[in-house]
Structure formats: C-alpha cells, structure tokens
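Computation of the quantities below employed the complete heavy-atom set of this structure, encompassing side-chain atoms and omitting hydrogens, waters and symmetry-equivalent molecules.
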Amino acid sequence: MREYLLTLCVTAAVTYLLTGPVRKFAIVAGAMPEIRARDVHREPTPRLGGIAMFFGLCAGLLVADHLTNLNQLFEKSNEPRALLSGAALIWLIGVLDDKFEIDALIKLGGQMIAAGVMVMQGLTILWLPIPGVGSVALTQWQGTLLTVALVVITINAVNFVDGLDGLAAGMVCIAGAAFFLYAYRIWYSYGIEAAAPATLFSAILMGMCLGFLPHNMHPARIFMGDSGSMLIGLVLAAGAISVTGQVDPDALKLFAGSEKEAVHQTVPVYIPLLLPLTIIAVPAADLILAIVRRTWRGQSPFAADRGHLHHRLLEIGHSHSRAVLIMYFWSALIAFGALTYSVNSASMWIVLSVVILSTLGLLLLLLPRFTPRAPRWAEAVVPPRYRRRRAPETAVEASAPEAAGVDEEAARERTPVTAGVSGVNGATAVGSRARLADRSRSR
C-alpha cells in the first residue's frame, strides 16, 4: 500500500506543479478559444491542462518502476508500457484538438488507433466471466473489438461530461478510487498478481486528477481540454480492461465447486468491472442521452449543445458549485455502492442504504423547485434566496409610458429584461444582462 500511495503522491505533485507553467504556455500559444454558446464560463480560459496530467502519468510510472515491490510488475507484465503508448498517442491528438479544433471523426479514429496500440502490446480482454456459463475465452478479433469499443466509449463518456469546472476530474477521481479499492483487494487479499497493473493504473489516475483539481475548481484558471479528458478516460478504461479481462475468476476460489458456480458466486464482483460504464454511470448516461437527443434532431452525434446533465442542473436553478457537488454525489453513490455490493452482496443494509441515499439525491436535485421563504422578521439573517420577493420598481416605471401615451415598443426597449441562467453565458448568473454590461463598462 505504501508504494501505491507514494506513486499517487508523486503523480499528484508533478501534475500540480506543472499546471501553473502549462497555463502560461497555453496563454502564449493562444490555446484560449472564444466563448461559445454552449459554454458556461464567462471569460476565455486556457486549455492544454492535459499536458501537466500526461507528465504526471509519466512521473508516476517512472517512480513505480524504481520501487522494490512494484518493479516486478514492469518485468512480468507489458501492460504499463501498453498504457504509456496508448496514452501518448491519445494525448497528442488531444493537444492538437485543443489548439487547432480538429474534426470529430479524426479524433474518433485516433481513439481507435490508441486502443489498437494497447491491444497490440497485450492490454486486451482475454475472456469474460458470464453467469451460469463460466469463463468464455475470446478469439483475438473478439477481444480486440471489445477492447477498442470499451476504450472509445469510456473516453467519450468522460469527454462529454467535461463541461463544468472540476466536474470531469472529480468524477473520474471517484471512479478511480472505487477501482483502486477493488483491484487492491484482489491483489492483496487473494494474492493475484494479474490485478497489480489495474491497482497501479488507478493510483496514478487518482494522482492525475487530484493534482489538477486545485487549478480547475470553480472559478477555473485552466481547463484540461480534450488532451486531459481523453487521457484520463483512456487510463480509466485501461484499468477496467486489465482487471476484468486478465484475472481468471476461478483463481479467486470463492466457491469450492465447478467453474460455473465460481463465476456465479462472483457475479456481484465482476459485473461492475465487466461494464465500467456502471461505475461511471453518470457520464455514460449523459453520453447516451446526448447521442439520442442529437440524432432525434437530425444533428451529428458529435455536435455540441447545451443539453448535458450539468447544463440541465444549471437551468433548474443550481449554482455552479452545487451542480458539481450533486454530480459528485451520484458518481460516488453508484461507484462505491457497486463496490460495497461486490464485497457483501447478501446484506440488505447495503441495498437499503443505497435507496435512502438515492432518495436524498433526488431531493437535492429538486431543491431549487421548492425553495422555502423565511418570515419577514427573519429576512435579515437568512441568505437572499430565502427572502420574500418584493415587487420590482421597474414595473411602475414600465407602466408610466402607457399612461403618458408613449409607444409600447419604445417602452419595452427601455425596460430591463431579467435573464435566467439558461439565457446568460454563465453558471451562476442570476441578474440581468444589462447590470453585467454596466459593470464591465465601469472597469
């Protein structure tokens, strides 16, 4: 455990220390795109944060290679080299996209090539544990297609959810923590060395996210861009592929019967990792809904819009920080709920706890719809959003031109229009656009 924690800390430290210089480099290089209609930030923010995350990945692998207990992993397995090769390729494609905005189909092709590079070096799914059947060995083509599909889906799921400050890094860090605890349990408790690469990948993934988060929390000073979101998506997929397709379920010896019974006994353990999208269910759901929504409108599935889950939370009335925390909550509930269920699937307390927490999460989602109002005598000590709304003075001013016989159209032009969150290009904007414009002119 100490070696993994040291690797995590080194990765986080390198990522954190390099993010500041990378931000300055991104500003000089002009990797600061203009504000788009779907963006929620108000000022141009530099990208290329994935550069610091990639060097953090390299530092983590380098340190692990020089540690006594982890050095054997590099000697017996080629998976760390496969991860580094695929990560370098996907990172390079992401850097080019952050700077030059390359076509979506080109990015998709690059993602498939990066997954193919990892498959060629041995990081692939060899068999699948199927309940009631046993371990089904896959042919080379079947394993390759399944591995490539899993990598591409996971990368795009993480990329789609990267829309708010600190959202993607935090959610992937939560998923990485769940993967780490499960893979470490298999490696340490059952003595299965094949789970060591997945444990290392998860520790490095957490370090990359934790090192970048202080720079990316709201208000973000730098974005990870596609160079970062695709990179952490690939590392997450690599850990899932390693622990799912490389570990023989019969080696766990949880059931002293046939192989079919052993697989059936370990179903709660392997289902969440066989389909890692159940661990990152929130970005996966966002990915599926986005594809259906855009296809239904006759648009390309890769066309960007403001219909993602985090955009919906802002439209409901949540602030930027609260929307991010709600997404964190649901990711942690699903990831650690599945992890706990894999440890003890017979306990009804686990199911009951998940149900109670899910109810609490639904109440948090609908909280802006049921905002309580404080009594008059308590308005001085409560936040403004809990105070009773008074009639705006502009209503009186707006009715004055009509009494004076002034044209209604001219009166509407002088009346300030209040803009909601969905109409203002900002996550926490609650006032009128005119007031924001006056503030900018006063500078």
Side-chain angles (χ1 to χ4, degrees), residues 57 61 73-74 76-94 104-131 133-160 175 179 183 186 192-202 204-205 226 229-251 259 263 270-280 283-284 287-288 291 301-302:
L57 169 68
L61 291 175
L73 188 154
F74 292 83
K76 298 179 181 179
S77 175
N78 198 42
E79 293 184 14
R81 299 177 185 85
L83 172 66
L84 183 59
S85 302
L89 181 58
I90 203 70
W91 170 75
L92 181 60
I93 296 173
L105 292 179
I106 297 179
K107 288 194 296 182
L108 180 62
Q111 295 168 7
M112 298 176 66
I113 294 175
V117 169
M118 294 195 300
V119 171
M120 292 176 59
Q121 300 189 51
L123 186 56
T124 182
I125 298 177
L126 301 178
W127 54 70
L128 290 179
I130 299 178
V133 178
S135 296
V136 178
L138 302 178
T139 64
Q140 182 179 1
W141 280 106
Q142 290 174 341
T144 299
L145 291 177
L146 185 57
T147 302
V148 171
L150 195 60
V151 171
V152 171
I153 291 174
T154 307
I155 287 176
N156 286 281
V158 176
N159 191 20
F160 273 41
F179 269 98
I186 294 180
I192 300 178
E193 293 295 333
T199 310
L200 177 62
F201 297 165
S202 301
I204 292 177
L205 179 63
D226 283 2
S229 61
M230 293 197 300
L231 176 63
I232 60 178
L234 182 135
V235 177
L236 180 61
I241 291 170
S242 177
V243 78
T244 304
Q246 302 285 335
V247 177
D248 186 0
D250 199 36
E259 183 181 1
V263 174
Y270 275 91
I271 288 300
L273 297 176
L274 180 63
L275 300 175
L277 297 184
T278 59
I279 291 290
I280 53 172
L287 170 65
I288 296 174
I291 293 176
F302 304 100

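Expressed to the nearest 0.5 Å, how far CG of Leu234 lies from OG1 of Thr154 amounts to 9.0 Å. Expressed to the nearest 0.5 Å, how far CD of Gln121 lies from CZ of Arg81 amounts to 9.0 Å. A distance of 9.0 Å separates CD1 of Ile155 from CG of Leu231, quoted to the nearest 0.5 Å. Distance check, rounded to the nearest 0.5 Å: CG of Leu145 to OG1 of Thr124 gives 9.5 Å. Between the CD atom in Gln140 and the CG atom in Leu126 there is a gap of 10.5 Å [rounded to 0.5 Å]. Taken from CD1 in Ile241 to CG in Leu123, the straight-line distance is 5.5 Å, to the nearest 0.5 Å.
Side-chain atoms of Ile186 and Thr199, non-hydrogen and from C-beta on, never get closer than 4.5 Å to each other. With contacts defined as side-chain heavy-atom distances shorter than 4.5 Å, the pair Leu150/Leu146 does not qualify. Contact of the Val151 side chain with the Gln111 side chain is not registered, since no non-hydrogen atoms from C-beta on lie closer than 4.5 Å.
The minimum heavy-atom distance between Met118 and Gly86, with the atom names listed, is CG-CA, 3.9 Å. Of all the heavy atoms in Phe74 and Pro80, the pair that sits closest is CE2-CB, 3.5 Å. When every heavy atom of Pro197 is checked against every heavy atom of Glu79, the shortest pair comes out as CB-OE1, 3.2 Å. For Leu83 against Ala238, the heavy-atom pair with the smallest separation is CD1-CB, 3.8 Å. Taking both residues in full, the closest heavy atoms of Leu57 and Ala87 are given as CD2-CB, 3.6 Å, listed atom of the first, atom of the second, then distance. The minimum heavy-atom distance linking Val158 with Ser229 is given by the pair CG1-O, 3.5 Å.
In this structure, the side chain of Thr147 engages the main chain of Ile125 through a donor-acceptor pair within 3.5 Å. In this structure, the side chain of Ser202 engages the main chain of Ala198 through a donor-acceptor pair within 3.5 Å.
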Side chain to side chain contact (heavy atoms under 4.5 Å, CB included) for Ile204 and Leu200? Distances and angles first, verdict last.
CA-CA 6 Å; Ile204 292 177; Leu200 177 62; 4.0 Å; yes
